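Reviewing the structure listed below.
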Amino acid sequence: MRSHYCGEISERQLDSEVTLCGWVHRRRDHGGVIFIDLRDRAGLVQVVFNPEDEAAFATADRARGEYVLRVTGRVRHRPEGTVNPDLHSGAVEVVGTAVEVLNTAQTPPFQLEEHEHAGEDVRLRYRYLDLRRPEMQQRLQLRARVTSSIRRQLEEEGFLDIETPMLTRATPEGARDYLVPSRTHPGRFFALPQSPQLFKQLLMMAGFDRYYQIVRCFRDEDLRADRQPEFTQLDMEAAFVDEEAVMGVTERMLRRLFREVLGTELAEPFPRISHAEALDRFGSDKPDLRIPLELVEVADLVAGVDFKVFSGPANDPRGRVAALRVPGGGALTRKQIDDYTELVGRYGAKGLAYIKVNDPGQGLEGLQSPIVKFLTEEAVTGILERTGAEVGDLIFFGADKAGVVNAALGTLRVHLGHDLDMVEPGWRPLWVVDFPMFEYDEQDGRLYSLHHPFTAPRAADPAALRDEDPEALLSRAYDVVLNGVELGGGSVRIHDTAMQQAVFGLLGIDEEQAQAKFGFLLEALQYGCPPHGGIAFGLDRLVMLMAGADSIREVMAFPKTQTATCLLTEAPAEVGEAQLQELGIRLRRVSGAQ
RNA sequence: GGAGCGGUAGUUCAGUUGGUCAGAACGCCGGCCUGUCACGCCGGAGGUCGCGGGUUCGAGCCCCGUCCGCUCCGCCA
């Protein structure tokens, strides 16, 4: 039907006759000559129609935006002075001698323009039109190149692509499950997988050694710019490996990916940082290393002052007092500081103390601050020294429970980095390692896995595990972070029944529950389970970063809205009584019915 | 569950203190135009101001409720 893609046309096809199929991107009618920019997935090319070709000219005259055309014509150089350097095909044009209207089109509800952006709701409602836009075409093509590169690398390293079930069972821990009622077993439900975690471990036990899958996962939790109810994981697992092997595979894969797709070299090896150090220095377990700001611990300096706001947390084992020095921050206005105060308030901070360093040579006189008067001169001097403050700087403080301080100053650090234009260019991957095994939840009064209950602890045996303070226990888990985005995480797994039972025990999952929910896993562990470990990546986030987009919706063909609906298909929708009856389901109440 | 921002023409938006405030640009339709490329020029059509209620002589504007979109907190092993 066609000989080339529109976007392919260049001087290489000079003087040859080409046949193109595409959409009318734009039509410029000069009365005596008509230009049509014809668009397909590869790009744009300008087609010229002259009145001498009567039939073609008449058809071009009729054509409107988004009409689908098949055009035949000869490729020629553009006349002197009319070359368009913004277009790949801009040195040439196609002289249209035959046109066929393959289909007409209604006027689109929004312009498929780079220049003006339609609201996201309109774009989602007419997603098939939105996806025609060159920007979206490029994003989804980028996504395809990403998965292609990943597959090639992993397959070269001997990984097998094996599918796992979409209909599985609900898990007691973790995110809320999407449920699917069983028709053949009324009253019972499948769950859609939150990840193939247990299946990939079973594949290791089954001897497949090296597995990977690019697989859809489902979590029924509230949405964010980087969270959708269905999303795609690059999931990997290998047997007879330790954390070094998994991290090695990962780095090779990412390095090749960025080289092939973006022409960029990533650091070799990726730097590593412990979870504790990440929180100490950056207030985040996914620090953006492009931002040259760090938190500094000052609890010891203010532990003795009368100022309860500081001395309280400084003497609380779960508290933290930290400073964040902002070079040149003295120029921040009162309004800006107020806005930052409001920002950290969202994370539970009760305020945002600061010191403006006007002239440190003058001692306390050279400082401008609402809190200096509550501190000792010794404390202030110590703070200035430790933060390395210079003239014109500003120092922010966080004093509260450690979690609040980290969240507040960690977020503040990122915002300051962007607002003050301090973000360094480039790609800064890193590994976060030495995660705690558990996290204590004060509300529920119990431990939760920081990763998941199958993560191996750094403990020799179950007895050693029970001897330790659970909150001090480290796991054999690792996260890979890129420019402040958590790209993926994984761990070496437990491959021993007794150890798995011991971890369940610490999580408050008793023998009976463990058997009921994970009996098949505990059983499988007893039939010769090899040591194994793996990692899973958020593919959408990876592509989002590489595409320079600020939401994963921009790199998904048909994403959901924040309330988890599809504006195009209007899913979820009600179903008929007959369908419900077949499933043995009666609705408690029909809310939101029309 | 909570906080914030937004909803006015097909689209993106403006609309002051409640009183010619139903507006602009783009798009669309018609006409003109032989080198444009976000073509240009002339003319035209196009509105349930998200929805419901209230205050008022009078509401796009104020109040209450509600729906939708986005950002964030909680949540996301």
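Remember, predicted model here, so these are calculated numbers, not experimental data. Chain identifiers are assigned alphabetically (A, B, ...) following the order of the sequence lines, protein sequences preceding nucleic acid strands; residue numbering begins at 1 within each chain.
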Would you classify A:Glu93 as touching base, sugar-phosphate or nothing, given that sugar-phosphate means primed atoms plus P, OP1 and OP2, and contacts are heavy atoms under 4.0 Å?
base

Any idea which of B:C73, B:G69, B:G10 is nearest the A:Tyr347 side chain?
B:C73

Selected nucleotide, minimal atom distance to A:Glu52 side chain, candidates B:U34, B:U12, B:C70
B:U34

Given B:G69, is OP1 or OP2 found less than 4.0 Å from the side-chain N or O atoms of A:Thr563?
yes

How many Å lie between CG on A:Asp339 and P on B:C72, as a whole number?
17 Å

Hits for salt bridge (charged side-chain N to carboxylate O under 4.0 Å, His left out) against A:Arg132, two or more places apart or cross-chain, chain-then-number order -> A:Glu66

Look for any protein N or O under 3.5 Å of an N or O in nucleotides 3-9 of chain B and output each such pair with its distance, or none.
none

Taking B:C70, B:U34, B:C76 as options, the one with an atom nearest any side-chain atom of A:Ala175 is B:C76

Scan A:Leu450 against the nucleic acid and name what it touches under 4.0 Å (heavy atoms): base, sugar-phosphate only, or nothing.
sugar-phosphate

Partner of A:Asp400 under side chain to side chain donor-acceptor pair (under 3.5 Å), chosen from A:Lys350, A:Arg320, A:Arg318:
A:Lys350

For A:Asp177, check side-chain hydrogen bond (donor to acceptor under 3.5 Å, both in side chains) against everything at least two apart and list the hits.
A:Gln194

Neighbours of RNA chain B within residues 509-517 of chain A, by heavy-atom distance under 4.0 Å:
none

Under 4.0 Å between any heavy atoms, over every strand shown, what does A:Arg346 touch: base, sugar-phosphate, or nothing? Just pick one.
sugar-phosphate

Ignoring hydrogens and angles, are the base of B:C37 and the side chain of A:Arg27 linked by a donor-acceptor pair under 3.5 Å?
no

Heavy atoms only, 4.0 Å cut-off, all strands: where does A:Pro109 land among base, sugar-phosphate and nothing?
sugar-phosphate

Using a cutoff of under 3.5 Å, can you pull out all pairs of nitrogen or oxygen atoms linking the protein to nucleotides 27-32 of chain B, with atom names and distances?
{"residue": "B:G27", "atom": "O4'", "partner": "A:Gln111", "partner atom": "OE1", "Å": "3.4"}
{"residue": "B:C29", "atom": "OP1", "partner": "A:Arg64", "partner atom": "NE", "Å": "3.2"}

Contact class for A:Arg76 vs. all strands (heavy atom < 4.0 Å): base, sugar-phosphate, or nothing?
base

If you pin A:Asp550 and A:Gln197 to their nearest nucleotides in RNA chain B, which one's is more 5'?
A:Asp550

Could you check A:Asn84 against A:Gly31 and say which one's nearest nucleotide on RNA chain B is further toward the 5' end?
A:Gly31

With both distances under 3.5 Å as the test, what is the Watson-Crick or G-U wobble partner of B:C26?
B:G10

Does A:Tyr448 have A:Arg446 sitting over its ring (NZ/CZ under 6.0 Å from centre, angle to axis within 45°)?
yes

Between B:G6 and B:C13, how far apart are the C1' atoms? Round to whole Å, please.
12 Å

Fit a plane to each ring of A:His275 and A:Phe435, take the angle between them on a 0 to 90° scale, and name the class: parallel (under 30°), tilted (30 to 60°) or perpendicular (over 60°).
tilted

Among the nucleotides B:C37, B:G10, B:G35, whichever has the atom closest to the side chain of A:Arg78 is B:C37

Answer with base, sugar-phosphate or nothing: what part of the nucleic acid does A:Arg123 contact at a heavy-atom distance below 4.0 Å?
nothing

Any residue in residues 213-229 of chain A with a heavy atom nearer than 4.0 angstrom to RNA chain B? Just list them by number, or reply none.
A:Arg219, A:Glu221, A:Asp222, A:Arg224, A:Ala225, A:Arg227

Would you confirm whether A:Gln228, through its side chain, and A:Pro559, through its main-chain N or O, come within 3.5 Å as a donor-acceptor pair?
no

With a 4.0 Å cut-off on heavy atoms, is A:Ser195 in touch with a base, just the backbone sugar-phosphate, or nothing at all?
base

A:Arg125 atom CZ, over 12 foreign heavy atoms within 6.0 Å:
no

When all nucleic acid strands are considered with a 4.0 Å heavy-atom cut-off, which category describes A:Thr565: base, sugar-phosphate, or nothing?
sugar-phosphate

For A:His452 and A:Phe454, take the angle between the two ring planes, folded into 0 to 90°, and tell me which bin it lands in: parallel under 30, tilted 30 to 60, perpendicular over 60.
tilted

